[in-house]
Protein chains: 2
Amino acid sequence: MKNLHLQIEINPELYSKNPDSSELGRKVISKSIELIDEMGFEVFTFKKLSLAIKSPESSIYRYFESKHALLVYLTSWYWTWTEYRLVFAMSNVESPEERLKKALEILTQPVTIDNSISYVNEVLLSEIVFSESLKSYHTTKVDDENKRGAFNSYKATVRRVSEIVLEVSPTCQQPHMLISTVIEGAHQQKYFAEHLPSLTDVTNEKNSITTFYTDLVFRFLKT
Amino acid sequence: MKNLHLQIEINPELYSKNPDSSELGRKVISKSIELIDEMGFEVFTFKKLSLAIKSPESSIYRYFESKHALLVYLTSWYWTWTEYRLVFAMSNVESPEERLKKALEILTQPVTIDNSISYVNEVLLSEIVFSESLKSYHTTKVDDENKRGAFNSYKATVRRVSEIVLEVSPTCQQPHMLISTVIEGAHQQKYFAEHLPSLTDVTNEKNSITTFYTDLVFRFLKT
DNA sequence: CTATATTAATAGTATTACTATCGTATGTGC
DNA sequence: GCACATACGATAGTAATACTATTAATATAG
């Protein structure tokens with residue numbers, strides 16, 4: 001990983017014009033990540049983005065047909081990138097238990113170090129995914145967007161980690177439920193810790209969310 | 001329970017005028033439950049509600065200052081009512097394990113039988129809570145609304161069941177995380193089963209979600 | 001230096017989420 | 001039978017949002 005410059009390819013169904021193909025497109029991505037992280041997806045508008053990048057709103061619409069399409073693009077980017085992180089972290093780790101443990105770390109912790117030299121700030125992007133990705137699939141158009149492949153990279157990630165679960169415990173009947181519960185749970189617990197702390201038991205100590213979900217998974221798999 | 005007519009008292013901070021105190025107010029509640037269940041919260045508007053109940057939009061605003069306030073009211077109603085269900089289900093059950101098992105059923109299954117003689121359709125309301133309650137606390141105003149008590153009944157439910165967890169396993173360090181994970185997880189898995197099935201392992205058999213989360217909890221607590 | 005891609009500039013629309021004002025109907029206490 | 005409050009109706013209007021449409025300017029590539 002590190003400074004290895006890997007190319008994240010996004011399903012063309014998820015944009016009108018590839019933002020990676022022009023300067024304005026890249027500005028749209030990097031500035032929208034900043035703004036959404038800063039003010040939240042609801043408050044974020046293309047109008048505000050257009051002011052921030054000093055380009056008219058209509059130019060943004062050439063890349064994304066809606067602000068929702070932009071969120072879907074961003075989360076899709078994140079999960080594609082996370083698949084690479086998983087593959088990299090798994091390489092040279094023999095023990096399935098160790099592999100699963102490492103995978104759970106990647107899934108339950110927001111990114112803290114931005115190694116990228118690209119226009120995507122992965123630290124902020126992971127914050128967005130943790131707090132806003134729910135909104136990417138929780139709409140009336142899910143089924144349509146799902147058909148167009150909007151959630152392929154998320155589903156692929158869940159599938160990949162589920163396979164590790166099966167290596168650890170071949171008799172596990174619900175590996176997908178387990179992993180999607182862990183991912184979504186970790187996102188929510190972080191949010192609860194910040195806003196509704198009585199719904200969690202998050203402590204001062206670092207990584208209490210990762211610890212909890214790692215315990216949860218391994219105790220579930222231990223028969 | 002059954003036809004016992006219990007009065008659900010809602011925190012006055014959560015409405016402008018008590019909808020339970022007038023006919024129009026009760027119509028607002030019962031019709032909004034129908035409409036939100038039917039079309040989803042995003043698509044639902046006070047305009048549509050006003051047409052459905054044949055009253056002007058401005059009359060609805062006398063009861064709720066925003067459509068979001070209405071959703072908060074509805075989910076709050078649900079959790080207050082669910083606390084009663086829990087208390088009722090726990091009575092006369094001695095074993096903490098049995099109590100926890102029963103509580104998990106109540107938390108992970110949508111309601112199927114409407115025993116109520118009131119204007120609140122509990123079957124539809126539970127559907128709304130399962131699919132839309134996320135939106136009640138996932139906003140930029142959470143902290144404000146939390147201070148005003150918007151989520152008290154949800155938090156009380158989590159606390160109550162967490163106490164049962166501690167009866168079963170007094171050494172458990174994260175009872176709140178465990179229960180909020182189960183509640184939110186069950187809601188999401190139901191949604192995934194309907195829209196993104198590859199994220200679940202939900203089968204034909206009835207209650208596979210309840211089975212999974214019950215296993216998850218008891219295996220977590222078994223040391 | 002011309003064709004092509006790319007962006008700027010401007011304007012406009014339907015809908016949403018709300019606010020404001022005023023008027024009427026209905027019953028209740030005295 | 002009258003004061004009076006409560007409840008509801010009717011109408012109008014506003015700021016912001018999420019788009020769409022069109023045309024003109026500019027950069028770049030061959």
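Naming: A, B, ... by sequence-line order, numbering from 1 per chain.
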Examine D:dC8: is either OP1 or OP2 under 4.0 Å from a nitrogen or oxygen in the side chain of B:Ser22? Give yes or no. yes

Taking atom C1' of D:dA18 as reference, at what distance in whole Å does atom CD of B:Glu42 sit? 14 Å

Cation over ring, A:Lys67 on A:Phe41, under 6.0 Å and within 45°? yes

Whole-Å distance separating the CZ atom of A:Arg26 from the C1' atom of C:dT7: 14 Å

Is A:Asp201 close to A:Phe212 at the side-chain level, that is, under 4.5 Å between some pair of heavy atoms? no

Through what angle, rounded to 10 degrees, does the axis of the helix from C:dC1-D:dG30 to C:dC30-D:dG1 turn between its ends, using five pairs per end? 10°

Name the nucleic acid region contacted by A:Phe64, choosing base, sugar-phosphate or nothing; use a 4.0 angstrom heavy-atom cut-off, strictly under. nothing

Check every strand shown and say whether A:Lys17 touches a base, only sugar-phosphate, or nothing at a heavy-atom separation below 4.0 Å. sugar-phosphate

Interatomic distance where CG belongs to B:Asn18 and P belongs to D:dT6 [whole Å]: 14 Å

dist B:Glu9:CD -> B:Ser153:OG (nearest 0.5 Å) comes out at 13.0 Å

Should the pair A:Tyr154 and A:Tyr137 be assigned to parallel (<30°), tilted (30 to 60°) or perpendicular (>60°) ring geometry? parallel

Nearest heavy atoms of B:Asn18 and B:Tyr73, plus distance in Å: OD1-OH, 4.4 Å

Assign A:Lys47 to base, sugar-phosphate, or nothing according to its heavy-atom contacts below 4.0 angstrom with the strands shown. nothing

How close do A:Ser136 and A:Leu71 get, counting heavy atoms only, and between which atoms? N-CD2, 3.8 Å

Quick note, A:Lys67 side chain, CB onward, closest among D:dC8, D:dA18, C:dT7 is D:dA18

Strictly below 4.0 Å, heavy-atom distances to any atom of DNA chain C: list the hits from residues 52-62 of chain B, or just say none. B:Glu57, B:Ser58, B:Tyr61

What is the distance from CD of A:Glu23 to C1' of C:dA8, rounded to the nearest Å? 15 Å

What's the OH-C1' distance between B:Tyr63 and D:dC8, to the nearest Å? 8 Å

Can you say whether the rings of B:His187 and B:Phe130 are parallel (under 30°), tilted (30 to 60°) or perpendicular (over 60°)? tilted

Among A:Thr211, A:Thr210, A:Thr214, find the residue that satisfies the side-chain hydrogen bond (donor to acceptor under 3.5 Å, both in side chains) test when tested with A:Thr108. A:Thr210

Nearest-angstrom distance from the residue atom CZ of B:Phe41 to P of C:dT16: 13 Å

Rounding to an integer number of Å, can you tell me how far A:Phe44 CZ sits from D:dA16 P? 18 Å

Just the rounded figure in Å: distance from C1' of D:dG9 to CG of B:Leu51. 14 Å

Given A:Arg160, A:Lys155, A:Arg159, the one that forms salt bridge (charged side-chain N to carboxylate O under 4.0 Å, His left out) with A:Glu83: A:Arg160

